[in-house]
**Student:** 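Dropping a structure here in structure tokens format, bear with me for questions.
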Amino acid sequence: MVYEDPEVSGRNRYKYFARPLVPPNKLLPLDVTYVIAKTEPTVYLSTRDSEIFGPKIRTFGTQTDYRDGEAQTDPYSPEYVVPSGSVPELLTLATLTWGRGLPAGLAEVEMIERAREKRAWEATLPAMDSASNIAKRRKMMDEMERKEWAFREQEIEKLQEIRLEVFKKMLQRREEKQNELDAKRLDDYWQNHQKAKEEKIKKIQRDFALMLRKLMAKRKNVMGKLERRDIIKEYTDFASQTYAPLSRIGYFPDNHSERYVVKNFYLNTFAGLCELEALLPDSVTQLEIKAPKPKNNITKTGYIKRSARLEVELALVHQALLEKKNKVKEPKKPLHFLEKIEKPVPRPPTPILEKPSIEEEERELAVICLQKLLRGRAIQNKMFEEKEKRLELIQELRTTHALQENGQLLLKAQEKMTRALQQQHDLKMHKLSSMESHMAWEEGRALANMFDFLSKELLRLQEERRIHAFVMLAERTRRMREAEESGRRQVEERQRQEEDEIFRQVVKVHQSTVDSYLEDIILSSMENTAEEQAREEVQRMAVEINDIAYELERSRTHLQSEEIVAELVYAFLIPEIEKMSIREKVRQSQRKHIYAAHQIIHGSVEELLADPALHQEMSASKIRGAPPVETASTAVGRTANGQTVADSSHSAPVAPLHEESPQEPAVSPADGPDKDGTAS
């Protein structure tokens, strides 16, 4: 780990700055060290100087714009130096940082324990100084590798179990949420149906009441007679239209008055009253009467309390104010020796009227007479108007109180005429009423038949619609259940596929682990077996070859030895010399071509450098990605290669000049430049 420079004495000084409040003349704590600057010796002044210049010790404070939580983000890690030859165990935990392993938990503790065990195991490994130690070390390392693989498999199984648990919880939570949504949707659907049902019932009840009122009104006046309005009866009956008008006429006295009625659960129901009573404290339901205690205004020492004295003073002041307010003025007492004589109020002067002239007096009398005439005429006109208004009442009074015979005869004649007209009107009305009754009977019969048919048709249509609605509702319920069942089946299939895939992956991981483990074991065993068999075979062949060689050495003659030497010379020395001569020939033939190619390349490069326009064109063509122009060097290279191939083809028949050995294959000149490093 590479830690940045904290810059304690630089720009980050405010993060680590703190000045402790150290009292004077006390030793500093052991964990705080200050850098005390060297100053000149101080000359202490007298007390008078200290009073003038201030105290010698002052307390300073600092304030920053940062809080501790903003300044200190991660715990501070100081720098460290490791002594040579020592490896502290704490440095093995340098990869753990705050938030990533720190503070340490159970997993970190287990990791530390495993690291300690591994270090202890590494310390017990034998040195690699002998074959037995190497085999032992390899065996111990194989065992440790198996243990690590087993531990890793356990960790994988734990992780898979944790993931399965989380997956199960997520599925369970999703099912619960879906069930809650389904239940809520069904409740809303049921409530909507209930509301529609209640509204339909209310509408039927309203229509029923309306039809009943219509039938009752028709039954009251079956004959269809016209009745005059009886005002006295309406005002005496408090249930009439005068006091309680009907809303269907157009008058709404209490429109939407029910919305202003206070509906309280705690006041309208017995359970609410019981709950309200239970909420009240015991002091409200169970009264406790305590006898008043007399105030004790005297202390234990026998003095009157200040509050009592104040109350007495306030009572006296209040009493004085009341007396002053209700005080009645006392009459003044007469003087015994001197009495004041009041002077009477002087009377006002008596007015004196001038005596009017005779002409003015006559004019005034004429005006008064004219006023009387006008007033009498106005009263006469008013009486005439009132008589005209009450003329019918006057005539009615004259008919009842007629005193003349002529008037009585006229009244009798008028009465006879009125009765005749009344009889004629009654006959006419009777005929009209009988005719109307017959027509109403016929109309009622026709209307009754028609209404009966219509009501039956309405009932049939309602039943048909209700049955259709039930069928549609059942069909919808069936489709919903089929959709839910299909969704549930899909979820189960998906869950089964996920579980199968998880099981397949787990089995695959286990199988791959077992296959790799078995493959390692088989390969190591095959290598060991092959190595042992090869050693045995080599040892056996070496023994056989040694026996044959020793036998040949013992039975070989001088002529056979010379023959073997000759075969070795022909098989090894002569072919090698021929190879070297062929390589030299090829080198000599290629040297002139290489020299010509070098001359052409150097000449073209010099021409290119001498002509800048050609140089720019070549660079532009390279930038555009155009295929490079075949220069003289490439042509020379091709020519050289072709010549080389031709030379090699011409030089190939040289090989049959000598006899090939069965053990040594012939080397062609074409292999010369590849095999010999000096040819290039």
Side-chain angles (χ1 to χ4, degrees), residues 1-3 77-97 100-102 104-159 506 508-554 568 572 576 663-664 674-677:
M1 292 290 291
V2 179
Y3 296 96
S77 299
E79 298 179 355
Y80 55 86
V81 177
V82 180
S84 61
S86 63
V87 182
E89 187 183 5
L90 191 61
L91 289 180
T92 59
L93 306 177
T95 56
L96 301 179
T97 58
R100 296 180 180 178
L102 290 179
L106 182 60
E108 285 75 14
V109 173
E110 291 179 355
M111 183 187 70
I112 292 168
E113 292 296 331
R114 286 198 304 274
R116 287 178 177 175
E117 291 178 359
K118 191 169 183 180
R119 285 196 298 273
W121 172 78
E122 288 176 354
T124 58
L125 286 174
M128 300 176 64
D129 53 358
S130 62
S132 61
N133 289 340
I134 291 172
K136 187 177 180 182
R137 185 185 182 92
R138 185 181 298 170
K139 185 178 181 181
M140 292 175 68
M141 291 176 70
D142 292 340
E143 291 178 358
M144 179 56 67
E145 188 176 359
R146 283 195 296 272
K147 289 181 181 179
E148 288 180 354
W149 276 107
F151 177 74
R152 182 58 182 165
E153 288 178 358
Q154 291 178 1
E155 285 187 346
I156 292 171
E157 289 178 357
K158 288 181 182 178
L159 288 174
V506 171
K508 186 177 179 181
V509 170
H510 286 288
Q511 191 66 31
S512 61
T513 306
V514 173
D515 292 343
S516 61
Y517 177 67
L518 294 175
E519 185 178 356
D520 293 341
I521 292 173
I522 292 167
L523 288 175
S524 60
S525 60
M526 287 174 65
E527 288 177 359
N528 295 331
T529 306
E531 186 178 358
E532 292 177 358
Q533 290 180 359
R535 285 177 182 174
E536 292 177 357
E537 186 69 23
V538 167
Q539 290 177 2
R540 185 176 58 77
M541 290 179 68
V543 172
E544 291 178 357
I545 290 170
N546 286 334
D547 294 340
I548 293 170
Y550 292 153
E551 186 67 27
L552 290 174
E553 284 292 334
R554 285 195 298 268
L568 289 174
F572 290 101
E576 187 66 26
Q663 290 85 7
E664 180 73 14
D674 298 334
K675 297 296 181 64
D676 192 4

**Student:** Of all the heavy-atom pairs spanning Val82 and Pro88, show the shortest one and how long it is.
**Tutor:**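 Heavy-atom minimum between the residues: CG1-CD, 3.8 Å.
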**Student:** Hey, is CZ on Arg146 packed in by over 12 heavy atoms from elsewhere, all under 6.0 Å?
**Tutor:**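 Yes, CZ of Arg146 has more than 12 neighbouring heavy atoms, counting only those of other groups under 6.0 Å.
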**Student:** Would a 4.5 Å heavy-atom cut-off, applied to side chains only, mark Leu96 and Met111 as touching?
**Tutor:**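 Touching, per the 4.5 Å side-chain cut-off.
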**Student:** Nearest 0.5 Å, please: how far is CD in Gln533 from CE in Met526?
**Tutor:**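 It comes to 10.0 Å.
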**Student:** Listed by chain and number, what are the salt bridge (charged side-chain N to carboxylate O under 4.0 Å, His left out) partners of Glu544, not counting sequence neighbours?
**Tutor:**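 Applying salt bridge (charged side-chain N to carboxylate O under 4.0 Å, His left out) to Glu544 gives Arg540.
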**Student:** Any heavy-atom pair between the side chains of Tyr517 and Thr513 that's under 4.5 Å?
**Tutor:**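 No. Closest side-chain heavy atoms not under 4.5 Å.
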**Student:** Between His510 and Glu157, is a side chain to side chain contact (heavy atoms under 4.5 Å, CB included) present by the stated rule, with each step listed?
**Tutor:** CA-CA 11 Å; His510 286 288; Glu157 289 178 357; 3.8 Å; yes
**Student:** Between the side chain of Glu532 and the main-chain N/O of Thr529, is any donor-acceptor distance below 3.5 Å?
**Tutor:**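 No.
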**Student:** Holding to salt bridge (charged side-chain N to carboxylate O under 4.0 Å, His left out), I want the full list of residues that pass it with Glu148, two or more places apart in sequence or in another chain.
**Tutor:**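 In terms of salt bridge (charged side-chain N to carboxylate O under 4.0 Å, His left out), with neighbours along the sequence ignored, Glu148 is linked to Lys118.
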**Student:** Pro126 and Arg137: which non-hydrogen atoms are nearest, and at how many Å?
**Tutor:**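 Taking Pro126 first and Arg137 second, the nearest heavy atoms are O-NH1, 2.8 Å.
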**Student:** To the closest 0.5 Å, what do you measure between CD1 (Ile112) and CZ (Arg116)?
**Tutor:**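 Result: 6.5 Å between the selected atoms.
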**Student:** Just verifying a value: how many Å separate Met140 CE and Asn133 CG, rounded to the nearest 0.5 Å?
**Tutor:**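 It comes to 10.5 Å.
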**Student:** Under a 4.0 Å threshold between the charged nitrogen and the carboxylate oxygen, would Glu155 count as salt-bridged to Lys158?
**Tutor:**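 Between Glu155 and Lys158 there is no salt bridge, as every charged N stays at least 4.0 Å from the carboxylate O atoms.
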**Student:** Flag yes if more than 12 heavy atoms outside Trp121 fall under 6.0 Å of its CH2 atom; otherwise flag no.
**Tutor:**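 More than 12 heavy atoms, drawn from other residues, nucleotides or ligands, come within 6.0 Å of this atom.
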**Student:** Any salt bridge between Glu117 and Arg114, counting N to O under 4.0 Å?
**Tutor:**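 Salt bridge flag = no for Arg114 with Glu117.
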**Student:** How far does CG of Asn546 sit from CD of Gln539, to the nearest 0.5 angstrom?
**Tutor:**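 Reported to 0.5 Å precision, the distance equals 11.5 Å.
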**Student:** Knowing that exactly one of Ile522, Asp515, Leu523 qualifies, which makes a side chain to side chain contact (heavy atoms under 4.5 Å, CB included) with Glu519?
**Tutor:**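 Going through Ile522, Asp515, Leu523 one by one, the side chain to side chain contact (heavy atoms under 4.5 Å, CB included) with Glu519 is satisfied by Leu523 alone.
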